[in-house]
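Below: the structure, in structure tokens.
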Amino acid sequence: MDKGFSPVGLRVLVVDDDPTWLKILEKMLKKCSYEVTTCGLAREALRLLRERKDGYDIVISDVNMPDMDGFKLLEHVGLELDLPVIMMSVDGETKRVMKGVQHGACDYLLKPIRMKELKIIWQHVLRKKLQEVRDIEGCYEGGADWFTRNDEAHLLGGGGEDVSFGRKRKEFDFEKKLLLQDESDPSSSSSKKARVVWSFELHQKFVNAVNQIGCDHSKYVGTLQFLSISLPLSCLLHGSGVLCLAEAGPKKILDLMNVPWLTRENVASHLQKYRLYLSRLEKGKELKCYSGGVKNMDLPPKGSEFSSVHQSPGKNSYAFSGGSSDPKQLASSSVSDPSSDVHMPPKAKKTRVEFDPPISSSCAFDSLLSWSDVPDPLESKPQILYGSSFLQQQPLPSQSPYVANSAPTLMEQEMKPSYETSVNADEFLMPQDKNSTVILQDLDLSAPSAISSINVTNDTESILRSLSWELPESHHSGFIDTDLDFSWLQNEHFLANTGVQNFQLQDYSCSPSLLSELPPHLWFGNEPDEYTLMVDHGLFIS
Amino acid sequence: LMTAKSLASKETVNGRCWFYSDDDDGISVYLNRELHAMNTVVAQLQTQFQDYLVSLYQQGFLDNQFTELRKLQDEGTPDFVAEVVSLFFDDCSKLINSMSRSLERPENVDFKQVDSGVHQLKGSSSSVGARRVKNVCISFKECCDVQNREGCLRCLQQVDYEYKMLKTKLQDLFNLEKQIVQAGGAIPQHFPSYTILRPDIRPCLDA
């Protein structure tokens with residue numbers, strides 16, 4: 001995996017307000033055969049980094065800068081881009097160095113800096129890359145059933161990880177970081193405690209519990225559910241969970257799960273991973289498609305790095321950044337429907353972790369999921385869906401990572417024709433009100449039939465069918481609040497952007513068999529401009 | 001004076017020019033003597049340069065960072081050191097001016113600004129190996145910490161003196177370099193070590 005790794009051409013961004021140092025460092029780094037970009041201002045540096053997200057391998061920054069504290073820059077870079085950052089200072093005071101470490105600096109150099117120190121900064125880049133893969137592997141070894149090999153295969157780029165510089169950094173920025181927090185250290189063989197194996201059944205219980213708690217917090221649920229338009233089904237299922245997660249405490253979940261041998265700590269740790277998984281799914285939409293499965297991830301440490309990610313607790317009390325990530329958490333357990341694989345509006349989509357305020361109308365979705373009107377089959381979907389995904393667990397590992405790509409496409413395409421007022425989306429969008437414009441009015445809740453009208457392969461169809469199911473008792477009724485507020489939808493510029501005409505029939509050349517192996521909820525759309533039914537319907541609504 | 005025949009080849013070896021000729025012509029001897037004279041001048045200049053450089057270390061004007069700077073200089077960037085120190089001196093001048101403004105009125109001293117200026121100056125001076133300037137900055141910071149305006153003013157004055165002194169010294173050094181090159185010689189690649197030249201004084205460590 002480290003074949004082909006070479007420090008030559010390492011792309012370094014140097015940030016220092018001292019012109020003398022900037023010149024010297026540039027010269028020194030060039031002598032190390034690195035590709036150097038210099039910058040005298042932190043804001044400028046951030047701009048450069050954001051402009052070319054994969055344009056740099058490592059950042060070296062001074063601690064004291066006039067326009068922005070070096071530690072702040074460090075936070076931003078770490079959170080948004082997850083690049084290794086080296087801090088520099090004339091000041092070697094212990095607490096300063098400690099602050100650097102706490103903020104996530106991978107190294108702290110004292111000025112004057114020597115050539116020999118710069119010659120080996122590439123180790124930080126390599127280390128990060130190796131950790132990524134190792135963590136994924138470790139998670140896999142960790143035994144969580146809901147983690148498949150596909151993630152790893154995908155992570156490795158379907159061809160072996162190439163850690164040479166210039167290649168895109170991988171998607172698992174968060175996971176990588178957070179995985180390091182994994183209490184049970186999956187990558188270590190000398191794990192002291194007995195690991196809890198989160199089997200599918202156990203996880204399902206967990207999810208049920210979380211969702212159940214989520215019902216009580218519909219205010220948040222609505223928002224997330226609506227926002228997470230582009231979520232694959234699992235996310236749709238769990239989306240409400242994300243919000244719920246904010247409110248759900250491990251204790252409560254534990255109680256609801258009613259598993260005698262499970263401890264609160266087990267639940268807490270699993271909860272962290274679950275949150276991360278959901279967030280990653282959201283991020284995965286923008287990046288690539290995942291073949292599926294859930295990763296075993298941990299929440300970020302409570303450190304300052306993530307404090308900024310949290311919006312005002314009252315508002316979006318879920319782990320990930322206010323604006324962008326949430327929309328993806330399309331909640332609704334009701335959206336088991338594969339067709340409702342809606343995509344994020346571009347606005348939300350382009351951000352990963354952002355500190356922007358979340359998409360405005362927090363109550364937009366409250367009404368979206370007025371499940372009360374939804375017949376049982378819908379409500380049961382999430383459960384079954386999830387179930388189906390696990391049922392498919394076996395075949396999954398052989399999945400090509402690209403199935404995900406084609407899957408949603410296929411669905412989209414299929415759905416389009418009949419979906420001007422599609423049932424599936426409707427089911428999911430089911431507003432309780434009259435306000436709700438759309439779709440939902442003429443909902444024909446016979447999902448299966450609607451689906452069957454589509455020309456899908458048998459396998460796919462069966463999946464779809466399986467989606468309309470017997471919803472185990474749950475909770476989902478609580479998910480949906482009333483007051484669907486489509487004004488949000490309509491105001492969202494993505495509507496303008498997408499327009500029906502933007503829906504091109506996808507040329508899905510994937511074989512149906514591929515589709516069939518992949519549970520709908522694991523499909524990820526990957527085209528930023530692919531708008532799913534949700535959007536479609538939104539348009540129709542307006 | 002040199003005939004075509006005698007101009008067989010001219011080489012610069014170790015900063016000295018040598019003339020090689022095939023023929024036994026007396027002219028080649030003559031030319032070599034000329035070159036030898038030149039070489040002597042070059043050699044003298046080179047020795048002068050080296051001694052001067054070493055003295056700057058011995059007197060504590062420069063430390064090993066300056067050595068590093070010289071090592072960074074290469075054929076591609078023959079003026080690297082001169083450019084860097086020039087940036088440094090400009091920075092000094094700017095910082096000293098702004099700190100001076102902050103310290104001007106006794107009733108309204110912005111010690112935060114002064115402290116920030118001192119910090120920057122310290123960082124800057126450490127970049128070129130301006131040891132004396134850096135040392136003054138350490139005392140300067142202490143005065144800032146206790147908000148001692150008088151002390152700050154004294155330090156400011158001292159820092160001003162030191163940077164200007166260093167500027168003069170380095171200018172002399174660069175002049176020597178130029179003369180050597182003009183005389184056809186090469187600049188000695190001598191890299192004095194501060195710690196060796198001043199074993200009696202420990203290198204200044206940052207607080």
Side-chain angles (χ1 to χ4, degrees), chain A residues 12 14-36 38-42 60-72 86-100 108-120, chain B residues 62-95 98 112-113 115-131 133-135 137-138 140-141 145 163 191 194 203-207:
Chain A
V12 186
V14 189
V15 192
D16 198 330
D17 65 319
D18 185 336
T20 325
W21 268 117
L22 213 52
K23 189 177 171 80
I24 295 174
L25 287 168
E26 182 185 29
K27 181 80 177 148
M28 288 171 86
L29 291 164
K30 281 193 174 148
K31 280 220 146 158
C32 295
S33 308
Y34 297 152
E35 222 181 82
V36 189
T38 58
C39 200
L41 286 172
I60 304 182
S61 168
D62 190 77
V63 162
N64 292 91
M65 286 185 289
D67 64 330
M68 189 193 293
D69 186 13
F71 297 115
K72 251 214 135 44
I86 295 177
M87 303 304 290
M88 311 181 278
S89 180
V90 162
D91 180 2
E93 235 177 89
T94 308
K95 48 182 187 180
R96 297 290 273 178
V97 179
M98 195 178 321
K99 195 172 177 194
Y108 195 108
L109 301 178
L110 288 186
K111 288 177 168 177
I113 297 177
R114 293 284 172 258
M115 273 294 285
K116 59 185 181 185
E117 293 172 291
L118 292 181
K119 278 201 176 123
I120 53 172
Chain B
L62 297 172
D63 64 27
N64 287 343
Q65 179 62 16
F66 190 76
T67 308
E68 296 299 313
L69 280 193
R70 288 188 65 235
K71 283 184 188 168
L72 283 175
Q73 185 162 291
D74 51 28
E75 314 83 58
T77 52
D79 300 314
F80 177 69
V81 179
E83 285 167 6
V84 171
V85 300
S86 167
L87 280 174
F88 166 63
F89 293 136
D90 286 345
D91 218 20
C92 279
S93 161
K94 257 192 306 212
L95 287 168
S98 74
K112 249 184 127 190
Q113 195 279 336
D115 184 73
S116 156
V118 174
H119 185 91
Q120 286 182 67
L121 196 55
K122 189 177 178 201
S124 225
S125 60
S126 73
S127 77
V128 300
R131 189 178 162 278
V133 176
K134 189 171 79 171
N135 282 348
C137 286
I138 294 173
F140 202 155
K141 175 159 171 62
D145 289 344
Y163 105 82
F191 302 114
Y194 174 76
C204 174
L205 298 166
D206 287 340

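To find a chain, count down the sequence lines: A is the first, B the second, and so on, and within it residues start at 1. Just so it is clear, the values below take in all heavy atoms, side chains as well, and ignore hydrogens, waters and symmetry mates.
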Quick one: which of Leu25(A), Asp18(A), Ile113(A) has the most heavy-atom pairs under 4.5 Å with chain B, could you say?
Asp18(A)
Go through the steps for Asn64(B) and Arg114(A) under the test side chain to side chain contact (heavy atoms under 4.5 Å, CB included), then give the verdict.
CA-CA 10 Å; Asn64(B) 287 343; Arg114(A) 293 284 172 258; 4.2 Å; yes
Rounded to the nearest 0.5 Å, how far apart are CD1 of Ile24(A) and CG of Leu69(B)?
4.5 Å
N-O pairing of Asp74(B) and Lys27(A) below 4.0 Å
yes
Among the listed options Val85(B), Asp90(B), Thr77(B), the residue most often paired with chain A at heavy-atom distances under 4.5 Å:
Thr77(B)
Quick one: do Val90(A) and Lys134(B) satisfy side chain to side chain contact (heavy atoms under 4.5 Å, CB included)? Show the steps, please.
CA-CA 11 Å; Val90(A) 162; Lys134(B) 189 171 79 171; over 6 Å; no
With a 4.5 angstrom heavy-atom cut-off, could you sort out which part of Lys23(A) is near chain B: side chain, backbone, both or neither?
both
To the nearest 0.5 Å, what is the distance between NZ on Lys122(B) and CG on Asp91(A)?
6.5 Å
Judged by modelled atom types alone, do Ser127(B) and Lys111(A) share a side-chain donor-acceptor pair under 3.5 Å?
no
Check each atom of Gln120(B) against the heavy atoms of chain A and say whether the ones under 4.5 Å are side chain, backbone, both or neither.
both
Closest approach of Pro112(A) and Ser126(B), non-hydrogen atoms and distance?
CB-O, 3.6 Å
What part of Asp17(A) gets within 4.5 angstrom of chain B, counting heavy atoms only: side chain, backbone, both, or neither?
side chain
In this structure, are over 12 heavy atoms from other groups packed under 6.0 Å from Lys72(A) atom NZ?
no
